[in-house]
Amino acid sequence: MTMSNRSTLTQYLIEQRRRFPSASGDLNGLILDVALACKEIARIVAFGELGQAASRTEAAKVVGGNVNVQGEVQKPLDVVSNDIFMRRNEWGGYLAGMASEEMDDVSPIPESFPRGKYLLVFDPLDGSSNIDVNVSVGSIFSILRAPDEVASGQRPLTEADFLQTGAVQVAAGYALYGPTTMFVLTVGSGVAGFTLNPNLGEFMLTHPDIRVAEDTHEFAINASNSRFWEPPVKRYVDECLAGSTGPRGRDFNMRWIASMVAEAHRILMRGGVFMYPRDLKDPSKPGRLRLLYEANPIGFIMEQAGGRASTGRQPMLGVKPTALHQRIGLVFGSKNEVERIERYHREPSSRESVTPLFVERSLFRD
Ligand code: AHG
Ligand code: MN
Ligand code: MN
């Protein structure tokens, strides 16, 4: 193999930092620790059943099936991945605290380590129901600024410190454990994608400026929830399904991986729209996905790539969080489709807005 002239993740981060001569380098250090955690998780995921012996010891506490604060059964790999994120990021002096899908409460940095000025929020393993069937999973993270009093140790960390709007995220990204391991990152100046070179153990810059196509003919939604959908979502999907015979006048294609991180990656690569909207299934759960460690980081990446992320009713990044594990309706991807779905939410919901012929033929008619 010839020497590659591609940048590494480290080089990319150093070059980004040159834009801010006074920056301390803490953010870079933090992102590299996150990337190391992701490389470690990638190896464990890649060993699959062969790696079970190794992961079983660490995950002993969940054998028998623990349930996390969301009421979901934790898989051993959810717990192992959470642990890896914690261990790789707690020591560096960059963080004042962490929070994760797999931990009920926020986690302050142990006394034995220095505190730093950032907060890290993560979904250590997204799509973990796909682990057993060898389909892509990933990790998602968001980096926030810690309040000064917390960074300096004047007061303890609280849940409220994490309840920041997505618009003020400092950085966000995800790792995708697919046929290749990728790391996709925004530090607020576009989106860059890196592919893990397994020979070097380095993430190499392979996708320098990712842009989401503004138009698409591909949508992703869990259609088994259709009877719970609100009218604007029904209308949108019905119109897509009607294809060239309906008001859209062209055919659409559908995908559902059940790994939001993998769907986000597909959409970054070739456009598309993803919906896990607020629905009427369970009034205590306004949506399936979580604001702080799923919707906001993916939303930040989408917006930075020229796409759009929304609740359907308002831009995702403008939502003021009210709880650490808050769920929310999420729509993201190609700008023109997301804007159309937002428009359908604004327009009065009436069956007349859909052509009678089309309602007749709808697969998802109620
Ligand atoms: P997690 O594995 O972190 O709990 O998240 C899974 C999420 C998301 O990745 C995916 O889009 C969605 O759940 C799948 O939901 P359905 O089971 O309703 O398809
Ligand atoms: Mn998830
Ligand atoms: Mn998860």
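Note that these values count all heavy atoms, side chains included, but never hydrogens, waters or copies made by symmetry. Values in this document were obtained by computation on a predicted structure and should not be read as measured data.
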### Message
Before you tell me yes or no, could you show the steps for Thr311 and Val319 under side-chain contact (heavy atoms from CB on, under 4.5 Å), namely the whole-Å CA-CA distance, both residues' side-chain angles and the distance that decides it to 0.1 Å?
### Response
CA-CA 9 Å; Thr311 65; Val319 175; 3.7 Å; yes
### Task
Dump the intermediate steps for side-chain contact (heavy atoms from CB on, under 4.5 Å) on Ser100 and Met86, then the final yes or no.
CA-CA 9 Å; Ser100 143; Met86 296 287 287; 6.0 Å; no
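- Shown here for Leu176 and Ser136, the closest heavy-atom pair between the two residues is CD1-CB, 4.2 Å.
- Ring geometry for His207 versus His265: interplanar angle over 60°, hence perpendicular rather than tilted (30 to 60°).
- Annotation: the span from Trp229 atom CH2 to Leu280 atom CG amounts to 12.0 Å, rounded to 0.5 Å.
- Listed here is the closest heavy atom pair of Ala151 and Ala96: CA-CB, 4.3 Å.
- Taking the side chain to side chain donor-acceptor pair (under 3.5 Å) definition, one finds that Glu90 meets it with Arg87, sequence neighbours left out.
- Scanning for side chain to side chain donor-acceptor pair (under 3.5 Å) contacts around Arg290 gives Gln70, Glu72, Glu101, Glu294, with sequence neighbours left out.
- Residue Arg43 qualifies as open at atom CZ: its count of foreign heavy atoms under 6.0 Å is 12 or below.
- Considering only residues two or more places apart in sequence or on other chains, Glu342 meets the salt bridge (Lys or Arg N to Asp or Glu O under 4.0 Å) condition with Arg308.
- A donor-acceptor distance shorter than 3.5 angstrom exists from the side chain of Thr245 to the backbone of Ala242, with no hydrogens or angles considered.
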### Message
Working note: Glu239 + Arg235, criterion salt bridge (charged side-chain N to carboxylate O under 4.0 Å, His left out); need CA distance, chi angles, decisive distance, verdict.
### Response
CA-CA 6 Å; Glu239 290 182 4; Arg235 174 185 172 190; 3.1 Å; yes
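- Sequence neighbours left out, the pairs with a member in residues 275-287 that pass side chain to side chain donor-acceptor pair (under 3.5 Å) are Asn225-Tyr276, Asn225-Lys281, Glu230-Arg278, Asp282-Ser284.
- Using a 4.5 Å heavy-atom cutoff, the side chains of Val137 and Val261 are not in contact.
- Legend: residues meeting side chain to side chain donor-acceptor pair (under 3.5 Å) with Arg17, ordered by chain and number and at least two apart, are absent.
- Summarising the geometry of Arg327 relative to Gly287, their closest heavy-atom pair is CD-O, 3.3 Å, with the distance given to 0.1 Å.
- Every pair passing side chain to side chain donor-acceptor pair (under 3.5 Å) that includes a residue from residues 164-173 is listed here, sequence neighbours excluded: Ser142-Gln169.
- Applying the ring-ring contact (aromatic ring centres under 6.0 Å, His included) criterion to His325, with sequence neighbours excluded, gives Tyr293.
- When all heavy atoms are compared, the tightest approach of Val212 to Gly271 is CG1-CA, 4.5 Å.
- Remark: Glu218 engages Asn253, Arg270 in a side chain to side chain donor-acceptor pair (under 3.5 Å) (not counting sequence neighbours).
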### Task
Go through the steps to decide whether Val187 and Ser189 satisfy the test side-chain contact (heavy atoms from CB on, under 4.5 Å), and finish with yes or no.
CA-CA 6 Å; Val187 290; Ser189 58; 4.0 Å; yes
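- Residue pairs meeting the ring pair (Phe, Tyr, Trp, His ring centres under 6.0 Å) criterion with at least one partner in residues 182-201, sequence neighbours excluded, are Tyr12-Phe194, Phe141-Phe183, Phe183-Phe203.
- In the hydrophobic cluster analysis, where Ile, Leu, Val, Met, Phe, Trp and Tyr join through side-chain heavy atoms closer than 4.5 angstrom, Phe274 is grouped together with Ile328.
- Listed here is the closest heavy atom pair of Leu317 and Glu303: CD1-CG, 3.8 Å.
- Note on Met182: it does not cluster hydrophobically with Val45, by side-chain heavy-atom contacts below 4.5 Å among ILVMFWY residues.
- Note that CD1 of Ile140 is 11.5 Å distant from CG of Asn296, once rounded to the nearest 0.5 Å.
- The minimum heavy-atom distance linking Thr10 with Leu32 is given by the pair OG1-CD2, 3.7 Å.
- Residue pairs meeting the side chain to side chain donor-acceptor pair (under 3.5 Å) criterion with at least one partner in residues 329-338, sequence neighbours excluded, are Asp215-Asn336, Tyr236-Glu337, Arg248-Glu337.
- Rounding to the nearest 0.5 Å places CG of Leu36 at 9.5 Å from CD1 of Ile84.
- Listed by first and then second residue, the salt bridge (charged side-chain N to carboxylate O under 4.0 Å, His left out) pairs that reach into residues 123-145 are Lys75-Asp132, sequence neighbours excluded.
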### Message
One pair to check against side-chain contact (heavy atoms from CB on, under 4.5 Å): His217 and Asp251. What are the steps and the verdict?
### Response
CA-CA 7 Å; His217 59 267; Asp251 289 338; over 6 Å; no
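- Between Leu157 and the choices Leu95, Ile109, Leu119, the side chain to side chain contact (heavy atoms under 4.5 Å, CB included) rule is met once, by Leu119.
- Counting only N and O atoms by type, the side chains of Glu202 and Asn197 include no donor and acceptor under 3.5 Å apart.
- Residues in residues 146-155 take part in these salt bridge (charged side-chain N to carboxylate O under 4.0 Å, His left out) pairs, two or more places apart or across chains: Glu149-Arg155, Arg155-Asp161.
- Between Val69 and Leu324, every side-chain heavy-atom pair lies at or beyond the 4.5 Å cut-off.
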